[in-house]
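Structure first, commentary second.
Numbers for residues simply follow the sequence, beginning at 1.
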Amino acid sequence: MTHTFNQSVAIITGGASGIGKSLVQQLAALGAKVIIVDRNDEAGNALASSLKELSAEYYHADMAINNEAQELFEYVLKTYGRIDYVFNCAGIFMAGEIRDTPLENWQTVINNNIWAVNNGTHYAYQVMLKQGNGHIINIASAAGLFPVPVMSIYGASKFAIVGLTHGLRNEAKTLGINVSVVCPTVVNTPLYDTAIYNNLDKEKALKTRSTLQTPDVAAEKIIKGVAKNKATIHTAISTQVGWFAYKYVPGIYNYFAVRVIKKYRTVLRVNKNS
């Protein structure tokens with residue numbers, strides 16, 4: 001694995017926190033030249049400074065904005081001469097029933113979860129086509145493999161990323177470029193602090209965070225999956241079980257999904273009369 005990443009050039013979007021931050025730290029430790037891309041300048045600069053003994057720098061960009069994404073790739077290519085890995089981690093989380101979700105929140109999720117990844121994928125692919133090599137890794141979610149109760153809109157954005165990545169993998173396979181999608185389980189990251197909660201009790205929803213998978217564990221599994229060029233990278237066995245159940249016993253899966261929704265309405269839904 002060290003040989004795979006040593007002296008490679010890796011872009012990590014959404015790299016100032018959560019899984020992205022852990023990927024930055026672990027890839028830098030493996031000898032990669034890491035470009036941390038984020039909108040949070042304070043967190044991004046602090047992370048880069050903490051890795052000053054290694055090769056890491058911070059670059060401000062909103063990946064959902066086309067020209068900012070394009071300028072990022074132009075800068076990295078001009079500075080380093082190539083791009084070996086692009087980890088598209090940028091995105092936001094949203095939960096709540098569709099009936100409680102205003103249309104503007106749909107748009108926010110689409111812009112951040114789909115366009116940020118689409119832009120990162122597009123510009124990475126153009127560079128790698130000219131190089132004849134490279135690896136694009138898109139972070140989706142378990143909710144992009146099977147419908148997760150009360151996350152339908154968020155899940156739709158992640159289903160889009162799974163479909164995009166699997167399709168591109170087939171197109172890129174004979175062109176020397178690898179493409180993988182990551183479908184993590186729920187990971188304990190700041191993503192949930194800044195998430196959109198539609199008619200949902202945020203404090204109750206966050207109470208179980210301490211039991212969740214850590215970003216470091218998730219990042220380690222992602223790096224191992226990338227080194228093996230896996231098409232779909234899981235960070236927990238629970239995701240694989242859920243995916244299997246949805247594909248092969250959908251009736252049972254949907255039965256339990258409805259039960260979860262009923263429990264949600266009793267415990268977490270704020271305005272139960274609307």
Side-chain angles (χ1 to χ4, degrees), residues 1-15 19-20 23-24 26-37 54-57 59 61 63 66-91 113-141 144-145 158-184 218-235:
M1 192 184 306
T2 302
H3 174 74
T4 302
F5 296 102
N6 188 36
Q7 297 302 307
S8 64
V9 178
I11 295 174
I12 296 90
T13 72
I19 292 176
L23 284 169
V24 166
Q26 292 182 31
L27 288 168
L30 289 170
K33 301 177 187 297
V34 179
I35 297 87
I36 306 158
V37 183
L54 301 171
S55 182
E57 68 168 299
Y59 186 99
M63 293 301 294
N66 183 282
N67 67 299
E68 291 193 19
Q70 182 178 10
E71 289 169 3
L72 160 69
F73 282 88
E74 289 173 351
Y75 165 76
V76 175
L77 193 59
K78 182 178 179 180
T79 304
Y80 296 98
R82 71 180 196 279
I83 300 172
D84 301 303
Y85 297 93
V86 175
F87 292 80
N88 288 307
C89 305
N113 288 1
I114 296 181
W115 276 112
V117 173
N118 285 358
N119 285 338
T121 299
H122 171 76
Y123 290 110
Y125 195 42
Q126 298 308 308
V127 170
M128 293 174 183
L129 283 171
K130 293 176 182 177
Q131 295 176 167
N133 59 74
H135 198 149
I136 299 169
I137 304 96
N138 292 331
I139 308 297
S141 168
L145 293 175
K158 296 301 184 177
F159 263 86
I161 299 309
V162 172
L164 165 72
T165 309
H166 284 167
L168 181 58
R169 182 180 175 90
N170 290 333
E171 292 184 27
K173 189 172 184 178
T174 59
L175 301 175
I177 302 164
N178 299 325
V179 187
S180 302
V181 67
V182 180
C183 295
E220 182 179 356
K221 291 180 181 295
I222 292 167
I223 290 171
K224 287 180 178 178
V226 170
K228 295 177 181 178
N229 187 26
K230 289 187 174 181
T232 304
I233 300 170
H234 303 280
T235 67

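Although no hydrogens or angles enter the test, the distance criterion places no donor-acceptor pair under 3.5 Å between the side chain of Q131 and the main chain of R82. With hydrogens and angles ignored, the 3.5 Å screen pairs no side-chain donor or acceptor of N113 with any backbone N or O of G91. For the pair S141 (side chain) and C183 (backbone), a donor-acceptor distance under 3.5 Å is absent. Checked by atom type and distance alone, the side chain of S8 never pairs as donor or acceptor with a backbone atom of A32 at under 3.5 Å. Judged purely by atom type and a 3.5 angstrom limit, D84 uses its side chain to pair as donor or acceptor with the backbone of V9.
The two residues A172 and V179 make their nearest non-hydrogen contact at CB-CG2, 4.0 Å. Counting all heavy atoms, side chain and backbone alike, V162 lies closest to G144 at CG2-O, 3.5 Å. Shown here for N229 and S180, the closest heavy-atom pair between the two residues is OD1-OG, 4.1 Å.
Of the inter-residue distances, the one linking Y59 atom OH with I36 atom CD1 reads 14.0 Å to the nearest 0.5 angstrom. Interatomic distance, L77 CG to L72 CG, rounded to the nearest 0.5 Å: 10.5 Å. Note that the CD1 atom of I222 and the OG1 atom of T235 stand 6.5 Å from one another [nearest 0.5 Å].
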Would you sort out whether N178 and Y85 count as a side chain to side chain donor-acceptor pair (under 3.5 Å), showing the intermediate values? CA-CA 9 Å; N178 299 325; Y85 297 93; over 6 Å; no

